[in-house]
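Written out below as structure tokens is the structure these notes cover.
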Amino acid sequence: MSLIDNPMYKLQRLQAFGCFLLFSSLFSLLPTSTTFALTDAEAAYIVRRQLKTLPPNDELPPEVEYEVKVSLTFSNQRLKKAYIGLQALKKAIYSDPMNKTGDWVGSNVCNYTGVFCSEALDDKSLTVVSGVDLNHADIAAHFPAEMGYMTDLALIHINSNRFCGIVPKTMSRLKLMYEFDISNNRFVGPFPEVALSWPTIRFLDLRYNNFEGSIPPELFEKNLDALFLNNNRFKSTIPKAIGKSTVSVVTFANNKFEGCIPHSIGKMSNLNEIIFMNNNLVGCFPEEVGMLTNVTIFDASSNAFTGSLPESLTGMKSIESLDLSHNKLTGTVPENVCKLPKLSNFTFSRNYFQNEPNACQVPSKKDIVFDDTYNCLPGRPKQRSTKECQPVISQLVDCSKDKCAGGGGRSPHKPKHKPKPNPEPQPPKQPHPPTPVHHHPPPSPPKESPKTPIKQEGKEEVSPLERSRPPAPPIHPPPVSSPPPVHSPPPPVKPPTAPVYSPPPPVHSPPPPVKSPQQRPTEGIHLPPNLGFQYSSPPPPMFPGY
């Protein structure tokens with residue numbers, strides 16, 4: 001069978017060609033003065049180059065197909081394979097404005113810029129290529145299939161570049177992969193399932209790309225410490241397997257996740273930070289949320305949650321920042337939530353709460369901020385009008401009957417598809433007036449969100465959140481602005497006023513979130529030296545269309 005006729009090849013052509021279609025729509029809107037953006041022709045050229053190199057059946061061609069100059073010598077065969085992979089990557093580069101790969105010449109691959117070597121795990125007498133770090137290089141390229149030859153790689157960092165196309169399945173050979181950061185690029189297609197084949201993966205960052213479809217449940221059975229999925233096009237329910245996850249940080253923000261928060265969330269014993277912001281999640285909060293005793297940041301803002309808050313939230317003894325704004329929550333704000341010992345910011349604005357205890361109005365400490373604006377609270381400033389409140393509070397949701405909260409009722413997911421009963425003869429009666437559908441206002445302009453910086457070996461580390469909040473005084477200086485919520489990719493057209501830095505994972509262990517538990521040992525994983533303990537992860541898009 002020829003390469004062109006192979007079904008897998010055709011599927012990969014369709015996935016990668018989606019990148020070109022995306023570019024066509026993006027760059028037709030860009031001003032001609034923008035110098036960093038690829039033209040339609042350039043983007044199509046990069047995609048065609050990847051399509052031509054994708055092997056049939058995801059198998060790498062024999063090494064004999066690659067010509068290596070006789071004058072080049074290598075101390076071992078693994079360095080020779082790394083040379084083949086790195087040269088293929090260099091060949092796949094269309095634009096390298098900073099000339100980061102200009103010195104990728106010759107057999108001494110350990111001296112290449114952004115390439116790091118270490119002892120082989122199985123033979124300390126061998127030197128191998130264990131890491132590639134090309135962060136913030138503005139490189140336009142694609143992953144070649146030959147990346148699969150670099151089987152000693154434990155780290156790939158290419159965030160904030162212009163990589164396009166798909167993640168080739170040949171990279172499933174990288175069994176030592178530990179940190180994989182391809183965020184803030186232009187990758188397309190479904191979730192890159194090659195990540196599921198990496199037994200030692202601990203840090204996975206896919207932010208700010210155009211991945212789509214569902215999240216495989218097996219992802220949450222991996223021994224991950226940090227998982228970043230935000231700002232893509234994922235659309236599915238959140239798998240129940242999330243309860244098996246070992247992550248300390250996970251972000252689902254700015255996608256199209258729908259349905260309930262799984263009850264299994266209460267089993268996430270390692271969890272410190274979780275972000276559901278700006279999705280299509282619905283229903284009541286499950287009681288199991290209160291079992292997240294180690295969580296410091298919980299953000300479920302800008303969804304469609306309904307009903308009253310469970311009293312079990314008082315079990316979140318470590319919570320520092322709790323954001324439930326921009327939902328359809330009703331009832332009374334639990335008093336004991338406002339009295340949680342480490343709470344510094346509780347934002348529940350733009351809901352439909354009718355009652356609020358005094359403890360939630362007058363903070364017990366000076367450094368606590370409560371935001372109760374735009375609810376239905378009598379006597380409080382900046383509240384919704386009676387006209388806005390009445391349609392919602394007249395039809396309160398009973399969470400004891402709500403499936404998302406564990407009741408016996410039907411899930412509120414996709415209510416449009418409820419079957420209509422067959423019409424039966426009935427005596428004429430006065431019809432009820434139609435209930436107006438309330439659309440809560442869009443999130444207010446981006447607000448500086450509270451961050452709790454920590455120090456590690458003399459360097460400051462920033463929490464991995466990139467968040468939007470309604471007006472409220474900032475808690476911790478220095479503030480870091482984040483882009484407004486993205487309801488569907490592409491990323492925002494207007495550039496942010498200041499770069500946003502997400503979690504820097506250390507080299508020798510996964511990225512510690514705010515007040516994370518004691519770091520786990522890397523268990524023999526040798527990561528590249530010389531990278532230090534601070535690693536800058538992607539800012540939001542830096543210019544229009546990027």
Side-chain angles (χ1 to χ4, degrees), residues 214-215 217 219-221 235-247 250 252-253 255-295 297-319 322-338 340 346 348 351-355 357 392-419:
S214 61
I215 300 298
L219 176 63
F220 299 103
E221 297 177 9
K235 183 178 182 181
S236 68
T237 57
I238 296 175
K240 295 179 181 179
I242 190 176
K244 300 178 181 180
S245 180
T246 59
V247 295
V250 58
F252 298 93
N255 281 285
K256 297 180 181 179
F257 289 106
E258 53 195 11
C260 311
I261 293 179
H263 295 276
S264 61
I265 190 175
K267 298 179 181 179
M268 301 178 72
S269 58
N270 295 332
L271 189 63
N272 293 122
E273 304 182 8
I274 187 165
I275 312 298
F276 294 112
M277 179 181 68
N278 195 29
N279 281 286
N280 299 320
L281 299 172
V282 296
C284 297
F285 286 104
E287 295 280 344
E288 290 80 0
V289 170
M291 297 171 64
L292 301 176
T293 57
N294 294 323
V295 167
I297 297 175
F298 185 95
D299 190 337
S301 61
S302 299
N303 282 280
F305 291 111
T306 55
S308 57
L309 292 179
E311 289 289 340
S312 65
L313 290 182
T314 58
M316 304 176 77
K317 301 299 185 182
S318 301
I319 195 71
L322 178 61
D323 191 343
L324 307 177
S325 60
H326 292 270
N327 283 288
K328 297 182 180 180
L329 300 170
T330 56
T332 301
V333 181
E335 180 175 9
N336 288 332
V337 173
C338 299
L340 286 169
F346 181 19
F348 52 97
N351 280 285
Y352 295 85
F353 289 111
Q354 303 108 281
N355 296 292
V392 177
I393 64 178
S394 63
Q395 298 185 12
L396 298 178
V397 175
D398 185 354
C399 288
S400 67
K401 299 178 181 179
D402 180 79
K403 187 174 181 179
C404 290
R410 298 185 58 183
S411 170
H413 176 46
K414 295 184 178 180
K416 296 181 180 179
H417 301 289
K418 288 184 179 180

Handout entry: Distance, nearest 0.5 Å, that separates CG of Asp398 from OG1 of Thr306
Key = 10.5 Å
Problem - N/O donor-acceptor pair under 3.5 Å between Ser318 side chain and Thr293 backbone - result: yes
Exercise for the section: Rounded to the nearest 0.5 Å, what's the gap from CE on Met316 to CG on Leu322? Could you check? Expected result: 6.0 Å
Problem - Val289 and Leu313: CA distance, side-chain angles, deciding distance, side chain to side chain contact (heavy atoms under 4.5 Å, CB included) verdict - result: CA-CA 7 Å; Val289 170; Leu313 290 182; 3.6 Å; yes
Exercise for the section: For the pair Phe285 and Phe305, evaluate side chain to side chain contact (heavy atoms under 4.5 Å, CB included) and give the outcome as yes or no after the intermediate values. Expected result: CA-CA 7 Å; Phe285 286 104; Phe305 291 111; 3.7 Å; yes
Exercise for the section: Identify the two heavy atoms, one from Leu324 and one from Ala300, that lie closest to each other, and give their separation to 0.1 Å. Expected result: CD2-CB, 4.2 Å
Exercise for the section: Nearest 0.5 Å please: distance from the OG atom of Ser245 over to the NZ atom of Lys267. Expected result: 13.5 Å
Exercise for the section: Please answer whether the main-chain N or O of Asn327 pairs with a side-chain N or O of Asn351 as donor and acceptor at a distance below 3.5 Å. Expected result: yes
Handout entry: Side chain Asp402, main chain Cys284, donor-acceptor under 3.5 Å
Key = yes
Problem - Ser312 (side chain) donor-acceptor with Glu287 (main chain) under 3.5 angstrom - result: yes
Practice task
Output the distance between atom OG (Ser325) and atom CZ (Phe348), rounded to the nearest 0.5 Å.
Solution key: 11.0 Å
Problem - Phe276 and Phe298 aromatic ring geometry - parallel, tilted or perpendicular at 30°/60° bounds - result: perpendicular
Practice task
May I ask you to decide if Asn272's main-chain N or O and Asn294's side chain share a donor-acceptor pair within less than 3.5 Å?
Solution key: no
Handout entry: All side-chain hydrogen bond (donor to acceptor under 3.5 Å, both in side chains) counterparts of Glu335, not counting sequence neighbours
Key = Lys339
Fill in the blank from the handout: Looking only at heavy atoms, the pair that brings Ser264 and Ile242 closest together is OG-CG2, 3.6 Å
Handout entry: Thr330/Val397 under side chain to side chain contact (heavy atoms under 4.5 Å, CB included): CA gap, chis, key distance, verdict
Key = CA-CA 8 Å; Thr330 56; Val397 175; 5.7 Å; no
Problem - Pair Cys404-Cys260, disulfide bond (SG atoms under 2.5 Å apart): steps then yes or no - result: CA-CA 5 Å; Cys404 290; Cys260 311; 1.9 Å; yes
Exercise for the section: With the side chain counted from C-beta on, respond yes when Leu281 and Ile238 share a heavy-atom pair under 4.5 Å apart, and no when they do not. Expected result: yes
Handout entry: Contact summary for Cys399 and Ala405, nearest pair of heavy atoms
Key = O-CB, 3.4 Å
Handout entry: Note, Phe353 side chain near Leu309 side chain (heavy atom, < 4.5 Å)
Key = yes
Exercise for the section: Apply side chain to side chain contact (heavy atoms under 4.5 Å, CB included) to Gln354 and Ile393, showing your working. Expected result: CA-CA 8 Å; Gln354 303 108 281; Ile393 64 178; 3.7 Å; yes
Handout entry: For the student: nearest non-hydrogen atoms of Met268 and Val247, plus distance
Key = CE-CG2, 3.8 Å
Fill in the blank from the handout: d(Asn278 CG, Asp299 CG) to nearest 0.5 Å is 10.0 Å
Practice task
Quick one: closest heavy-atom pair of His263 and Lys403, and the distance?
Solution key: NE2-O, 3.5 Å
Completion exercise
Between the NZ atom in Lys235 and the CG atom in Asn255, the distance rounded to the nearest 0.5 Å is 12.0 Å
Fill in the blank from the handout: Gly266 and Leu292 have their tightest heavy-atom pair at CA-CD2, 4.3 Å
